[in-house]
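Every chain is numbered from 1, with letters handed out A, B, ... down the list of sequences.
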There are 2 protein chains.
Amino acid sequence: MRDSRATIMDVARDAGVSKTSVSRYLSGEFKVLSDDIRQRIEASIARLGYRPSQMARGLKGGRTRLIGLVVADVMNPYSVAILHGAEAVCQQHGYTLMLCNTGNDEAREKQALTMLRSYDVEGLIVHSQGRPSRFMYDLLESNLPVVLVDRRVSGIEVDLVGLDNRQAGRAATVHLIERGFTDILYVTQPIRAVSSREERHTAFLETLAARPDCRGETLELAALEGDAALDHALAAFMSRAGTQRKALLAASGVVTLQLVLALRRLGLTVPQQVGLLGFDELSWSKLVEPGISTLAQPTDEIGFQAATRLLERIATPGHDHHELLLPGTLIVRGSTSA
Amino acid sequence: MRDSRATIMDVARDAGVSKTSVSRYLSGEFKVLSDDIRQRIEASIARLGYRPSQMARGLKGGRTRLIGLVVADVMNPYSVAILHGAEAVCQQHGYTLMLCNTGNDEAREKQALTMLRSYDVEGLIVHSQGRPSRFMYDLLESNLPVVLVDRRVSGIEVDLVGLDNRQAGRAATVHLIERGFTDILYVTQPIRAVSSREERHTAFLETLAARPDCRGETLELAALEGDAALDHALAAFMSRAGTQRKALLAASGVVTLQLVLALRRLGLTVPQQVGLLGFDELSWSKLVEPGISTLAQPTDEIGFQAATRLLERIATPGHDHHELLLPGTLIVRGSTSA
DNA sequence: CTGTTAGCGCCTTCAT
DNA sequence: ATGAAGGCGCTAACAG
C-alpha cells in the first residue's frame, strides 16, 4: 500500500500548534504569525516532508491550479507546439496541465471536456475538432474561462488565438502568382466546418477570383483515401491542357507531407514541373530538395498567448472576448522559385 | 463568477433520496438499488446536469484517476509518440493525464514530480532527464507506482519500458560495417548519465572493438555549440587520411537533423562521400535524398506499454520490477547503400 | 434495500 | 497572534 503522506494535522501536532496556523503559514500569511511558531512549523514541515494536497485544497471551492488542454491531434506538430508554449506558461505560474487528445473526434472531445471539468480545472484551452457540440455551449454558460486555439466554434464567443488565416491565405496565393504559377491546385484536409481551413480556402478563392488570368482548383483529401486516389487526382491536374505553370498549395503540414510523397511517386520535379507551397513550417522543410517554401505559423507564440490570456482571464474575469490573430511568415525556398 | 455545479446533495434532494443512494448509483452498485430509486436518480442527474467532482472523490482517499506524465522534452518527436500512446491508454481506462515538461532540466523534473504528487496521481510515467535526484529516491519509498521510459535512473529499481539499446546499437553498427563503411563517426548528444545514450554508445564501441579492420570515433554535441563547431568536427573527420569508406551514425533524431543540415553546408554527398544512419525514424526520413536509413523505435508501442504496465501496477500492486526492452527496426534507405 | 454518520485534507469565518 | 469549529463533495462503514 502507498504510504499516506503527512497531513496538515500531522504538522500541527508535530509543531504543537493548530491546523489554522499551519494553514496560514502555507498561505504565506506571515504577518500574523509569531516568529517562534513560524519556525516550528517550518521545521515540522521539513521533518515530515509535508506537501499540501492540492486535491483537498481545490475542494474547498477554488484554486485547483489546474488548466485543461484539449488538443485535436497530439501527433500533429502544430498541436505539439501549442502544447509546448502553453505548458511553459502554466508551469511558470504554478499551474499544471491536464491533457486530453481527441483525435479530431467529436465524441472524444465531449468526453474530454467533461473529464476536465469534473476535476474543476480553472480554465480550458481548446483546439477543437471544429463541429460545435451542445457541450461547448453549456461550457460557455458555465462561465468557465476558455480560450480557443486555431479553430473557431460557430456560435461560441470566447477568446481565440490563432493564425490570421485570411492574411496568410492571401499571402500564400499571391506569392505563387507572383512567381508565375497561374494554375493552382489547393489541397486540403476535409474542410468540414473547421474554421481555419475554411478561412484559408476562402482567402485562396478570393485572391484568385481577382485574377482572371489565373485558374484555381480545390482538392479535398478524404481521410481514408489511399495514396492511389491522390496520385490520380494530381496526375489529372497535371495533365490538364494549358501552358500555364502549375503549382500546389498545401493547406497544412500534414498535406504537404502527403504531397511531397505523391510527387515523388509520380516522378514530378519541383519547381520545374510543378511548384509547391505549404502552410506550416516543418523541421524538414529546408531539407527536402529544392527546399519547400512554407507559410510558417508562430506556433509557440500561439500556445504562449493562449495560456497567458487564459491565466489573465482567470485572474480577472471580464466579459469582453478578444481574438488574437497572429500573422504568418512566408518562407521562400526552392519549391516556388520562378 | 463561475456557476457552481450541482452536487450529490442536490441530486439527492431532487430525487428525494439520500446522498448514499446517489453515491451508490454513481458507483454502479445497481444490485442494491430499487428500480424506482434508480430511475428517480437517473432523472435528477439528467435534469440537473450533475457531474461528480473528481476532486472530492479523490480526496476520500483513493482513486483520483490521475496519471502523471513527466516528459524530458515535449518538442522531441520521441516524447510526443510516448505521450500519444500513453494518453490513448489512459483515456480508454478513464484516467486523465497530467503533463509536465522538464526540458531535460533536473530542477524542473523535481518540481514536476512534486506537483504531480501533490495532486495525488495514482501513478507516474517518467521520461527522466537522467541524473538520479534524491527526489526519485523517496518517490520510490513512497511506493507510488512508477514506470520509467527510455531512460534508467541509476539506483532506482522500477519498471522500465524502452528500446533495447544494446541490440539496436549493435544492429546499427553492424549494418554500416556490412555496407562497407569502416570508418565510423558516432555523433551523440551529451551522454552525461543518460542510460539510453550510454547503452547505444557502448554497443557501438563494443561492436567496433570486435572488428580490427574498422575504426570508430565519437563526437559529443555540446548543447550550446554552434553550427560552426559541428562543421569543423565533421570536416576534420572527413579529411583524416585513409581510403576507408566513412559513415556517420547519429544517436538520435535530433542529431540526425543536425547532421543532414551540416552535410548540406559542407557540400558532402550521401552516401558517396559519407554514409549516414540515424536512430529514430522521422516523418521526413524517406524524403531527404537519397533517403535516410534509420533505426526505428517502436515509439507508440513504448508509450502504450508504459501506460498499460502502470495501470496494471496500480490495479495490483506487486513488488517485482520488470524491464520491457522492445527491439528496434532497421530501415534501410539510400544513405547507407553500398 | 436505504439512510445516518463520519471523516478525507484543507481553508475560513469567528471567537479568544 | 492563535485556535476551534464548520464545511467543500464525496465515499464508506454502520445501522435499520
Side-chain angles (χ1 to χ4, degrees), chain A residues 1-42 44-45 48-66 114 117-122, chain B residues 1-42 44-45 48-66 94 117-122:
Chain A
M1 311 298 113
R2 209 160 308 149
D3 300 4
S4 47
R5 299 172 312 170
T7 79
I8 199 172
M9 191 53 204
D10 298 325
V11 176
R13 240 188 319 255
D14 185 86
V17 301
S18 74
K19 295 192 306 179
T20 312
S21 294
V22 180
S23 178
R24 290 211 176 89
Y25 174 87
L26 295 176
S27 311
E29 299 180 45
F30 301 116
K31 338 188 170 182
V32 263
L33 279 183
S34 66
D35 264 16
D36 174 41
I37 281 199
R38 217 201 43 175
Q39 293 182 355
R40 297 223 304 277
I41 293 179
E42 216 146 48
S44 296
I45 286 184
L48 275 50
Y50 167 75
R51 290 275 121 204
S53 155
Q54 293 289 7
M55 281 279 147
R57 214 180 260 216
L59 184 56
K60 195 50 197 169
R63 323 261 68 84
T64 57
R65 296 266 144 187
L66 250 26
T114 308
R117 289 183 60 187
S118 76
Y119 282 102
D120 286 306
V121 294
E122 293 184 30
Chain B
M1 311 301 111
R2 211 159 311 150
D3 300 4
S4 46
R5 298 172 311 170
T7 77
I8 199 173
M9 192 52 204
D10 299 325
V11 176
R13 243 193 310 260
D14 185 86
V17 300
S18 74
K19 296 191 307 178
T20 310
S21 293
V22 181
S23 177
R24 290 211 177 91
Y25 173 87
L26 295 175
S27 311
E29 299 180 46
F30 300 117
K31 340 190 168 180
V32 263
L33 279 182
S34 66
D35 263 16
D36 173 42
I37 281 201
R38 216 201 44 174
Q39 293 181 355
R40 298 222 304 277
I41 294 179
E42 217 147 47
S44 296
I45 287 185
L48 275 48
Y50 168 73
R51 291 276 121 203
S53 155
Q54 293 289 5
M55 280 279 150
R57 215 181 257 216
L59 184 56
K60 191 51 197 173
R63 321 261 68 85
T64 57
R65 297 264 145 187
L66 249 26
R117 290 184 59 188
S118 76
Y119 282 101
D120 286 308
V121 295
E122 292 184 31

Counting only distance, no hydrogens or angles, is the base of [N] paired donor-acceptor with the side chain of [X] under 3.5 Å?
X: A:R24; N: D:dG3; answer: yes
X: B:K19; N: C:dG3; answer: no
X: B:T20; N: C:dT4; answer: yes

Checklist entry - Is any side-chain heavy atom of B:Y25 closer than 4.5 Å to a side-chain heavy atom of B:V17? => result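 Not touching, per the 4.5 Å side-chain cut-off.
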Checklist entry - B:D120 CG to D:dG9 P: how many Å, rounded? => result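 Rounded to the whole Å, the gap is 19 Å.
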Next on the checklist: Rounding to an integer number of Å, can you tell me how far B:L33 CG sits from C:dG3 P?
Outcome noted: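 Distance, rounded to whole Å: 10 Å.
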For [N], does either OP1 or OP2 sit under 4.0 Å from a side-chain N or O belonging to [X]?
X: B:S18; N: C:dG3; result: yes
X: A:Y50; N: C:dC10; result: yes
X: B:S21; N: C:dG3; result: yes
X: A:S34; N: D:dT2; result: yes
X: A:R57; N: C:dC11; result: yes

Checklist entry - When you measure from the side chain of B:A56, which nucleotide among C:dC10, D:dG9, D:dT11 comes out closest? => result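 The answer is D:dG9.
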Item to check | Considering all heavy atoms, the nearest B:S53-A:D120 contact | outcome: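 Smallest interatomic distance, heavy atoms only, reads OG-OD2, 3.7 Å.
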Item to check | Residue pair B:R63, B:R57: steps toward the side-chain contact (heavy atoms from CB on, under 4.5 Å) verdict | outcome: CA-CA 7 Å; B:R63 321 261 68 85; B:R57 215 181 257 216; over 6 Å; no
Checklist entry - When we call it a touch if two heavy atoms are under 4.0 Å apart, what does A:V22 touch: a base, just sugar-phosphate, or nothing? => result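 Touches nothing.
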